[in-house]
Each structure stands twice: as C-alpha cells, then as structure tokens.
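See structure below.
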Amino acid sequence: MTTPALVFELFGHAALADDIARRCGVERGRLLLRRFPDEESYLRYEDEVAERDVVLVCNLARPDPHIPALLFAAATARELGARSVTLVAPYLPYMRQDHRFNCGEALTSRVFARLVCDHVDALITMDPHLHRYSALADIYTVPATRACSAPAVAEWLRAHVERPFLLGPDAESEQWVSAVARLADVPWRVSQKTRSGDREVAVAVPELASWRDRTPVILDDIISSGRTMMEAVRHVRAAGLPAPWCVAVHAVFAGEAYDALLEAGAHGIVTTDTLPHASNAIGVGAILADALLRHRR
Ligand code: R5P
C-alpha cells in the first residue's frame, strides 16, 4: 500500500466499515452528516483527508434520499485533496432498469453510473444485478470490482443446512445459485419468472418432487417486495417439500416484505450483511476487505 487509507461510513454501515478497516489494517475516519431543517444535507469531514485514499462504505438500500449526500461526500474529499476516492457500495442500486422497456423511460442504470463515475475513482460492490449488462464496465467507466458472496453463502450452507437442494427463483439467479452449488457441492435447479408489475410475478418451477428428501433453499440476489421468493415458497410447499430456507445476498425488504415472507411459509430467512438487517447471518466483510486490498495493490 502506498498512501494511508481512511475508511468512512455513510447511511448506517458503521459495523461493516469497522470490519473492512480492521481487516485491511487501515484507519476509520469520522464524517459528520446531518440534515438542515429543510432537509438539505450538511456534511463535514472530521479527519484530514488531504493526501489520503478515501474509502466511502455506503448503505444504498434506499438510494434516493442518500444519493446527493454520497456525491457531496465524494466531491468534497477530492476538493480537500484526497489522493483517491473509492466507493464501496456492497449493494449497488439502480442495476435493474437495464433496458428501456417502454419508450420514454429513464435508463436509470446508466444515468446513476455516470453520476457515480463523475465523482469517484473506483467502485467495489458485491454481486451486482448483472442481467442485460454482462459486466459493470458496460456502464461504469471507473475501475469497478465485482466481489462475489458465493464462498460465504456456501460456507453458511455447509454449516447450517443438512442435505440442501438449491432453487433459484428465476433465470438471472442461475449465476448465484450455480456458484454456491458448485462450492458447497449440492444439487440445484432454477425456475423461470414472468414479472407483470412491481409486485406481480409468476414463477414456473422445474420438477421438484424428486427432491422431497432434501432441505430446500431458495437463493436470490435481492429480496425487495418479497413477491419472487413468496411465489417460489408456494411452489416448493405445493410440491410436497419441507418449508424452505430463503437466502438472499441483499436484504432490501421493502415495506412488510420480511414478515410477509415468513407468513408465506419460509422456514427461515438469511441474508448477507451487504445491507444491515435483522436477517443478516452471513458476513461478507472479509471478501470486501480482500477486494479493497487487491484494488490498492
Ligand atoms: C430480479 O430479477 C432479482 O433477481 C430479484 O429476483 C428481484 O429483484 C426480487 O424482487 P421482489 O422481491 O420485489 O420480487
């Protein structure tokens, strides 16, 4: 490492920022962030950032109220003489609008990527929702690292679930499901999903009856409204399998999604700590720290 780094957290990612800083052997910095009465953002670096590599660890679960402050933080670090600004966004939002499905729609994935790239020198994220884009470099013009949670998820699976059978709820989930299945050496299948609205999905599952002696684990990258998982849970139960574990990388959980998924028949819900949530049981700090160390080499 050349320049000493300083790790700051934004929007409630203190525990993960502490973990990453400790594992990388670098200092934590303090950033004061508050709202004026009219809700404009006030921001102040309480540690000297000049000539430092600034690392911003951001919780972007509910991105819209936070995007201006994130950009202010990155721009201010540069103005104050930071040598570099790296955004660690364990959950990268605005990846799902990756196509103009109807004329006149905003292609927000591209616009968001442009905004971020104007203000930071590098991006590190975990399991971004790459569907119609094949790589982050399709839209992110700064060096962008795609860390992968599969080793941590596979380790959790090996330690907590007897004779698992992995099911992906849609075609996109194949990338995560196949990686975890390979590492944990377990059988897997994926379903097909048709989405007709934000909360309207239909899932067509593969043949499941032959997995009745296994513990079903439904694995996806994101649980937002929870509808995708709920539909998959319904099919798993209808096929006569035991109540499934629902495992996701990013615990977005809009509204009452978490309780609704439990009520829908999930045996348990487990997520990684890319977003802070009560369901976090899989730590990814070591994987993100490793990505940061590699980036700084
Ligand atoms: C999209 O294809 C993602 O992989 C997830 O399946 C989706 O974001 C889950 O959304 P929801 O929980 O609202 O069904």
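Keep in mind that what you see is a predicted model, and the values were worked out from it rather than measured. Order of listing sets the numbers, starting from 1, for every ligand and every atom in it.
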Atoms in ligand 1 with a heavy atom of [X] nearer than 4.0 Å:
X: Asp170; value: 2 (O), 4 (O), 6 (O)
X: Thr228; value: 6 (O), 9 (C), 10 (O), 11 (P), 14 (O)
X: Glu172; value: 1 (C), 2 (O)
X: His129; value: 1 (C), 2 (O), 3 (C), 4 (O)
X: Arg96; value: 8 (O)

Side-chain heavy-atom pair [X], [Y] within 4.5 angstrom cut-off:
X: Leu157; Y: Trp245; value: no
X: Val88; Y: Cys58; value: no
X: Val249; Y: Thr274; value: yes
X: Asp170; Y: Gln192; value: no
X: Ser279; Y: Val270; value: no

Of all the non-hydrogen atoms in the protein, which one sits nearest to [atom], and at what distance?
atom: atom 9 (C) of ligand 1; result: Ile222 O, 3.4 Å
atom: atom 3 (C) of ligand 1; result: Asp221 OD1, 3.3 Å
atom: atom 6 (O) of ligand 1; result: Asp220 OD2, 2.6 Å
atom: atom 11 (P) of ligand 1; result: Ser225 OG, 3.4 Å

Inset, instruction - For Arg195 and ligand 1, answer yes if some heavy atom of the residue is under 4.0 Å from a ligand atom, otherwise no. - result: yes
Inset, instruction - Determine, using heavy atoms of His131 and all atoms of ligand 1, whether some pair is separated by less than 4.0 Å. - result: no
Inset, instruction - Indicate, as side chain, backbone, both or neither, the part of Arg199 found under 4.0 angstrom from ligand 1 when only non-hydrogen atoms are considered. - result: neither
For ligand 1, which is the ligand I care about here, please tell me if [X] has any N or O atom under 3.5 Å from one of the ligand's N or O atoms.
X: Gly226; result: yes
X: Asp198; result: no
X: Trp176; result: no

Inset, instruction - Test the Arg114-Phe112 pair against the cation-pi criterion, namely NZ or CZ under 6.0 angstrom from the six-membered ring centroid and within 45° of the ring axis. - result: no
Inset, instruction - Would you name the heavy atoms of Ala122 and Val142 that are closest together and state the gap between them? - result: CA-CG2, 4.0 Å
Legend entry - Parallel, tilted or perpendicular: rings of His66 and Phe11 (30°, 60°): parallel
Inset, instruction - Just say parallel, tilted or perpendicular for the rings of His129 and His131, cut-offs at 30° and 60°. - result: perpendicular
Legend entry - Side chain Asp273, main chain Val284, donor-acceptor under 3.5 Å: yes
